[in-house]
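Read through the structure below, which is laid out as structure tokens, and then see the notes.
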4 protein chains.
Amino acid sequence: MSRKRSDDKRRKILQAAVKVFARKGYFAARVSEIARKAGVADGTIYLYFRNKEDILVSLFDEVMQEHLRSAERELGAVEGAPARLRVVAEHHLRSMGGNRDLAVVFQVELRQSTKFMERFTASWLQQYFAILDKVIEEGQQEGSLRADLPRKVAAKALFGTLDEMVTSWILARRDYDLVQLAGPVVDLFLRGAASPATVQEARPPLAAVAPSHGGR
Amino acid sequence: MSRKRSDDKRRKILQAAVKVFARKGYFAARVSEIARKAGVADGTIYLYFRNKEDILVSLFDEVMQEHLRSAERELGAVEGAPARLRVVAEHHLRSMGGNRDLAVVFQVELRQSTKFMERFTASWLQQYFAILDKVIEEGQQEGSLRADLPRKVAAKALFGTLDEMVTSWILARRDYDLVQLAGPVVDLFLRGAASPATVQEARPPLAAVAPSHGGR
Amino acid sequence: MSRKRSDDKRRKILQAAVKVFARKGYFAARVSEIARKAGVADGTIYLYFRNKEDILVSLFDEVMQEHLRSAERELGAVEGAPARLRVVAEHHLRSMGGNRDLAVVFQVELRQSTKFMERFTASWLQQYFAILDKVIEEGQQEGSLRADLPRKVAAKALFGTLDEMVTSWILARRDYDLVQLAGPVVDLFLRGAASPATVQEARPPLAAVAPSHGGR
Amino acid sequence: MSRKRSDDKRRKILQAAVKVFARKGYFAARVSEIARKAGVADGTIYLYFRNKEDILVSLFDEVMQEHLRSAERELGAVEGAPARLRVVAEHHLRSMGGNRDLAVVFQVELRQSTKFMERFTASWLQQYFAILDKVIEEGQQEGSLRADLPRKVAAKALFGTLDEMVTSWILARRDYDLVQLAGPVVDLFLRGAASPATVQEARPPLAAVAPSHGGR
DNA sequence: GATGAATGAGCGTTCATTCAT
DNA sequence: GATGAATGAACGCTCATTCAT
């Protein structure tokens, strides 16, 4: 009972924080404004969060946990690397495209310090890349993806592409449906930009690449 | 003469600022620390910059101007979209890979607020995308790139991929040569991830995409 | 209750401010010193006042309001212009003579800028002059004051005289009773400096004066 | 020659200072703005004045010296206390009414600290009062002024009255001729505000006043 | 004498956090 | 649990003054 009411208040605070962080930016965001928007006293914030940073980190952790969970759930329903990559892309774009404020916080505010970035990478991107890597590896085994594909590069490329789509969308003045980009993005990722004729001839020096180049 | 000394001091301040911003982050960076590192008095900073933010913005503007200039210079020496995309990728990765502190400032500090992001987009990314768009269009005309390629998506995909490579490199503990990723990245971008067999069969609903989807 | 504590603290701050302003002058006065003297933290000042200037202005407004109120109360108990002018003079000198620090703030600190002066004039002196003007006009109607007296000049003369008495007193090394000057001042104001014989003869060209000469 | 050029520059600086002090106030006035308005480099100011305060003090001293000199010169041409008081009043009002900026500096800026006030009193008001006192004493001896007049009170009253006229004029929105107030002011000072009938009857307790009450 | 680039001490104000109620 | 008044550390920026040229 008290547990339930508490959770309510905690959620209220997080929802308020998303709006304030998105509009003002993390540093310019005032704890007192979050409290006001959440309808609680300033001090109450500190009953649920250690400090201002903990609000941002908690926000991030909870949303990410849910995103990863639902991504894996959706992946479970599909077979084959091409289709699964399409699912990943759609899920990514749908998640971020559904709540602009939240997207702003994730695309902008969470990247304002290497400290946050490292945490973000360690606790979430790691898992995201693991999922992508697994899908790609399966694709290679099933023959749908090139066997000579450098998996890490490919995973980063896909993530980087999706990430850029979201950032573009956030900064765009015109509002458009982010999810519809999943098709073209995955199509480009799978088929490449070159015309079939070109691909036959020129082969960039793929071999020059070190097999492992580290990564975040 | 006085002009020369001024430029010297200005450069000293910018160099110091890169280091301090990279290590502490923009907000936690102290103007007095920049001054100390630059070997000037606190007040001297304000003879060359309006305020702390102006240091960051100037840094960004001046580096970007130089990057764009040199990118176009390098592009002038090469023919054919595949080779030119390779040049763009190498230039991007070489520029950022050459100075880790500067890269941190560009990948992290400059993105800590939508205000900076918008400025970044408006004054630089716009031009970057224009270059990419032109190269891609030429590629389509010369037949090296697919005629049905959605150019905006492709440009963002390539930029997003390169951007992610740089971010990964910054956050990686292990230091590796960023430029060597240019080959694999462009190869993936051109040829795609799918195996040749797969490409023949399945064709994701490319046509479903709106021809223009806005963009930053 | 909380209301009472607040008022207490506010008063403490104002009292501390009077002392610090009087000793150091407004500009040289340090907010932190006011806070220390008031026994509160620096930040607490800003819970009660918008900024440093607001402390001075509030001080002025609140004291002035009380002064005007008590002046009118005292005037209500007396009849006849001569006696009422005497009341005004005594009240003026008693108010300022009772708290040297407050007098310094009013005579010196509040006049350090035309901005303060204009505010002082608009919000208080205006009313002070209105009171004097009314007393003088009544005196003219009852016949105790000369009918040809230029009222504005007379009001300013009396105020200027009292003001100068206070300023003199503040700067004097020797401490003396300011109120005892009310008698001589009003006597001079009423009877003039000339000997009775002289007055009969020479009459300065009063008529040359424009009937209205503006005024602050 | 060099002497003459130097004096030129010094005067330029003082003239610029009057304008800047009058418009901005002493504290808000920037030395660099005075320099700019005077057409000299910032550093040049310090070849002629010890510091910012010295500019204000020098301004004051030089103007005052000239004022006192010319006042005594004018007084030398007139006989009898009433006429001489009229000369003093006209001189006072003419001096201040001739240059509004200078008047602002004298009425407002010079009074922003007890330090300035004390200096002002010691070096100039002292002499001004000495002149007034002498005129009044002569008036008493020649019989034109009341023998029972408390001289110090009378001198302060006249000064305070004139001072208030100037301050009023400065703050007034409407511009009017200050000098024309000399007549009414002196007339009031000599004849008093009371109607002749009243003066015969009531005599405020003049004797109660301490013979000397100190003074600035 | 003249310059003006450089100095660096100094402070009003904000706001995350605490804790008595 | 909830409140919100109080705290006080922390810092960007200004500008009078200096001094090498």
Side-chain angles (χ1 to χ4, degrees), chain A residues 2-3 5-6 9 27-36 38-55, chain B residues 1-3 5-6 8-10 27-36 38-55, chain C residues 1-3 5-6 8-10 27-36 38-55, chain D residues 1-3 5-6 9-10 27-36 38-55:
Chain A
S2 116
R3 171 73 213 186
R5 190 169 52 209
S6 286
K9 208 157 273 192
F27 274 96
R30 301 297 155 226
V31 171
S32 60
E33 191 180 347
I34 295 175
R36 191 167 45 71
V40 302
D42 290 19
T44 306
I45 300 264
Y46 293 85
L47 296 175
Y48 296 90
F49 302 94
R50 264 192 313 284
N51 49 38
K52 185 181 171 185
E53 183 181 322
D54 188 40
I55 304 176
Chain B
M1 182 75 127
S2 114
R3 175 71 215 185
R5 188 173 59 220
S6 285
D8 252 23
K9 209 154 274 190
R10 188 189 161 85
F27 276 97
R30 300 296 151 225
V31 171
S32 60
E33 193 180 346
I34 295 175
R36 194 166 43 71
V40 301
D42 289 21
T44 305
I45 301 263
Y46 294 87
L47 294 177
Y48 295 92
F49 302 94
R50 263 191 312 285
N51 49 39
K52 188 182 168 185
E53 183 181 322
D54 188 40
I55 304 177
Chain C
M1 182 77 125
S2 116
R3 174 72 217 183
R5 189 173 58 221
S6 286
D8 252 24
K9 210 154 271 188
R10 187 189 161 86
F27 275 97
R30 300 300 149 222
V31 171
S32 59
E33 192 180 346
I34 295 175
R36 193 165 44 70
V40 301
D42 289 20
T44 305
I45 300 264
Y46 294 86
L47 295 177
Y48 295 91
F49 302 94
R50 264 191 313 284
N51 49 37
K52 187 182 169 185
E53 182 180 323
D54 189 40
I55 304 176
Chain D
M1 179 78 132
S2 114
R3 172 72 215 186
R5 192 169 52 210
S6 285
K9 207 158 272 191
R10 186 189 162 85
F27 275 96
R30 302 296 155 227
V31 171
S32 60
E33 192 179 347
I34 295 175
R36 192 164 46 69
V40 301
D42 289 20
T44 306
I45 299 265
Y46 293 86
L47 296 175
Y48 295 91
F49 302 94
R50 264 194 312 284
N51 49 37
K52 186 181 170 184
E53 183 180 322
D54 188 39
I55 303 176

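Basis for what follows: all heavy atoms, side chains included, without hydrogens, waters or symmetry-related copies. On a predicted model such as this, the values are computed, not experimentally measured, just so you know. Within every chain, numbering begins at 1; the chains are lettered A, B, ... in the order of the sequence lines, protein sequences first and strands thereafter.
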Minimum heavy-atom separation for Y48(C) and K9(C), please, with both atom names. OH-CB, 3.7 Å
With the side chain defined as heavy atoms from C-beta on, L47(A) is closest, among dT7(F), dA2(F), dT7(E), to dA2(F)
To the nearest 0.5 Å, what is the distance between CD1 (I55(D)) and CZ (R10(D))? 10.0 Å
How close or far is atom P of dG12(E) from atom CZ of R36(C), stated in whole angstroms? 13 Å
What pair of heavy atoms forms the shortest contact from D42(B) to A35(B), and how long is it? OD1-CB, 3.5 Å
Choose from dT7(F), dA6(F), dA6(E) the nucleotide whose nearest atom is closest to any side-chain atom of K9(B). dA6(E)
Using atom CD1 of I45(C) as one end and atom C1' of dT14(E) as the other, report the distance to the nearest whole Å. 14 Å
Please report, to 0.1 Å, the donor-acceptor pairs under 3.5 Å made by any side chain of residues 27-34 of chain B, with sequence neighbours excluded.
residue	atom	partner	partner atom	Å
R30(B)	NE	A28(B)	O	3.3
R30(B)	NH1	F27(B)	O	3.3
E33(B)	OE1	K24(B)	NZ	3.0

N/O (side chain, Y48(C)) to phosphate O (OP1/OP2, dA6(F)) under 4.0 Å: yes
Dot-bracket encoding per residue of DNA chain E, Watson-Crick/G-U cut-off under 3.5 Å, | denoting interstrand: .||||||||||||||||||||
Can you give one letter per nucleotide of nucleotides 10-17 of chain F, 5' to 3': B if a protein heavy atom sits under 4.0 Å from the base, S if only from the sugar-phosphate, - if neither? -SSBBSSB
Checking R50(C) now: which residues fulfil side-chain hydrogen bond (donor to acceptor under 3.5 Å, both in side chains) with it, not counting sequence neighbours? D54(C)
